[in-house]
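Shown next, in structure tokens, is the structure this report addresses.
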Amino acid sequence: MEKNFRLRFAPSPTGPLHIGGARSALFNYLLAKKNGGTFIVRMEDTDLERSSKESEENIKASLRWLGMDWDEGIDVGGDYGPYRQMERLDIYNEAVQKLIDEGKAYYCFCSEEELAKEKEEQQARGELPKYSGKCRHLSKEECERRIAAGEKPVVRFHVPEGETVVVDDLVRGEVHFETDGIGDFIIVKSDGIPVYNFAVVMDDHTMGITHVIRGEEHLSNTPRQIVLYDALGYEQPRFAHISLILGRDNEGKLTKMSKRHGSTSVVAYKEQGYLPEAIDNFLALLGWAPGGEKELFTLEELKQNFSLEHVSKSPAVFDIEKLKWINGMYIRNASGERLLEYGLPYLKKAGFVSEEPSTEEMIWAMSVIDVLKTHISSFAELPELIRHYRGEIFYRDEVLAEMKEHKEEVLTVLKAMKEKLERNPKIAVDSYKKLLKEISKETGIKGRPLYHSLRVAKTGEEQGPDLDKLSVIIGRDLMLERLKKFIKMFQRMD
RNA sequence: GGCGCGUUGGAGAAGCGGCUGAACUCACCAGCCUUUCACGCUGGCAUUCAUGGGUUCGAAUCCCAUACGCGUCACCA
């Protein structure tokens with residue numbers, strides 16, 4: 001009998017939601033949805049120093065933006081709350097007291113200096129550094145006396161010696177750890193707040209979590225947690241540790257994804273004009289492989305197809321080129337409305353259309369986006385491209401040299417265009433195609449000689465959007481100005 | 001250093017003992033489409049899976065060793 005799937009994403013609100021976190025959240029979300037289960041979001045805010053409300057808000061907003069709505073947890077509630085660790089202290093304290101009473105955990109009064117010294121000595125002797133167990137045998141009376149005297153002890157868990165802990169991991173198989181390598185670890189800090197390894201066990205158990213999908217960096221924490229599950233008499237959830245996300249640094253070395261590899265937060269990608277469905281798609285492919293040749297998946301399709309069986313053990317490389325490609329594909333396939341919805345803010349921000357666009361501006365925005373949509377991989381490139389086409393242009397020597405070989409032809413075409421533009425001060429955007437036809441007919445020049453000369457004169461480039469459509473961006477006046485300048489310059493060349 | 005994990009083309013990445021004489025994507029090359037380029041479409045692009053042994057009728061796929069890379073060893077999560 002399979003229990004209902006209950007999965008969770010439990011970030012600590014110590015910064016904006018980053019790519020790695022979003023990917024963990026996604027995998028949990030997808031597995032829950034695939035199996036008709038429940039997706040829960042909870043906050044691990046026991047690090048008072050670094051936790052902040054802004055971070056929590058950022059994480060929630062990012063998750064919602066990516067389409068990962070949770071069924072239970074923070075903000076939405078549920079039967080297993082509260083969903084913030086700092087509001088669950090009573091639950092933890094009760095369990096800690098039980099462990100102390102049973103002799104499975106104990107107060108430790110060692111100072112940081114003592115511990116550091118001990119560690120140093122152990123290392124000098126070539127031993128693995130771990131807590132000596134010095135406070136293990138303090139009497140209850142002594143503990144009470146010292147606490148009453150104002151000392152602030154931590155609580156350590158007495159790790160059973162000489163045992164092997166097996167992590168039965170859904171992606172890595174059985175991974176073995178010796179308890180002798182662990183040492184009695186702290187479960188409650190001297191300020192009375194439990195440490196992650198303890199709180200997470202309590203939460204996952206009391207919330208009925210069935211599967212824990214998290215980053216590989218937690219693999220070495222898992223034996224500690226398992227030993228706690230055993231001591232508490234709780235049943236373990238299934239664990240799945242997904243591989244790290246690597247980024248390539250300036251020297252070309254691959255290391256764990258961090259700020260030095262560029263943007264790491266979800267909001268940063270949002271601001272750069274990536275679509276949430278593209279991010280989801282990209283994230284899903286970071287370590288997970290769908291069966292066939294298909295690479296583009298909507299969230300809905302991901303929900304149906306996701307499974308842990310095809311999650312890779314080897315690290316995933318954050319390949320920004322791939323993200324750009326995926327995003328570009330989503331942009332090309334998006335409806336006009338959606339394109340406008342996402343693209344317009346970038347045009348406004350860059351000042352190409354006003355804050356309250358007129359109908360004319362809206363029409364212009366739509367056609368610009370339509371012209372450029374096959375040339376951008378994110379919406380942030382939209383204003384960049386427009387500025388690029390309108391800005392200073394440079395003519396490459398090789399290109400000019402090639403054109404010089406057909407000097408007469410080139411000049412004929414350019415002059416014809418110049419004259420037509422001069423005669424039509426208010427030429428409509430959609431009549432450029434007709435114009436090109438006329439020029440071709442009148443001059444007898446067609447194909448590459450026709451298009452190439454005009455393209456170079458107008459943009460300085462040899463490739464780009466359709467020539468007639470380019471007028472939407474450059475406009476009649478600028479185009480004419482450039483033609484005149486180019487003709488002048490070109491005539492003087494020999 | 002201990003423990004843990006990984007190593008497939010120019011890059012990302014499938015593959016889980018025979019139907020892979022190694023998918024797919026990017027990049028690159030060629031052709032088609034387009035009165036041009038791009039977009040799009042079609043085709044080409046690893047005699048080989050870090051190296052060395054072994055198991056097997058058969059291995060990128062299983063085992064061992066070596067090398068290299070990465071992660072983790074907190075009163076952070």
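The basis for the numbers below is simple: all heavy atoms, side chains too, and nothing from hydrogens, waters or symmetry mates. Residue numbers start from 1 in every chain, and the chains themselves are labelled A, B, ... in the order their sequence lines are given, proteins ahead of strands.
- Using a 30° and 60° split on the angle between ring planes, A:Trp288 and A:Phe297 fall in the perpendicular class, above 60°.
- Picking from B:rU25, B:rA13, B:rU35 the nucleotide with the shortest atom distance to the side chain of A:Ala316 gives B:rA13.
- Heavy-atom contacts from other residues, nucleotides or ligands closer than 6.0 Å to CD of A:Glu398 number more than 12.
- The shortest distance between the side-chain N/O atoms of A:Trp325 and the OP1/OP2 oxygens of B:rU25 is not below 4.0 Å.
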### Query
So what is the 5' to 3' dot-bracket string for RNA chain B, if pairs are Watson-Crick or G-U wobble with both distances under 3.5 Å, crossing pairs use [ ] and | means the partner sits on another strand?
((((((((.[[[..)..(.....]]].(((((.......))))).....[[[[[..)....]]]]])))))))....

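- Taking atom P in both B:rC39 and B:rC28, the straight-line distance is 9 Å, to the nearest Å.
- Residue contacts shown for A:Lys130 are absent, as no nucleic acid heavy atom lies under 4.0 Å away.
- Between A:Arg248 and B:rG12 there is a side-chain polar atom (N or O) within less than 4.0 angstrom of OP1 or OP2.
- Ring geometry for A:His218 versus A:Tyr196: interplanar angle of 30 to 60°, hence tilted.
- Ring geometry for A:Phe490 versus A:Phe486: interplanar angle under 30°, hence parallel rather than tilted (30 to 60°).
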### Task
Give the B/S/- string for nucleotides 69-77 of chain B, one per nucleotide from 5' to 3', where a protein heavy atom under 4.0 Å of the base yields B, of only the sugar-phosphate yields S, and otherwise -.
-SSS-SBBB

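- No more than 12 heavy atoms of other residues, nucleotides or ligands shown are found within 6.0 angstrom of NZ on A:Lys437.
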### Task
Starting at the 5' end of nucleotides 36-41 of chain B, put B wherever the base has a protein heavy atom under 4.0 Å, S where only the sugar-phosphate does, and a dash everywhere else.
BBSSS-

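- Ring-centre distance between A:Phe27 and A:His211: not below the 6.0 Å cut-off.
- Proximity of a side-chain donor or acceptor of A:Ser243 to a complementary backbone N or O of A:Ser314 within less than 3.5 Å is detected.
- Between A:Tyr234 and A:His205, the ring-plane angle classifies as parallel under the 30° and 60° cut-offs.
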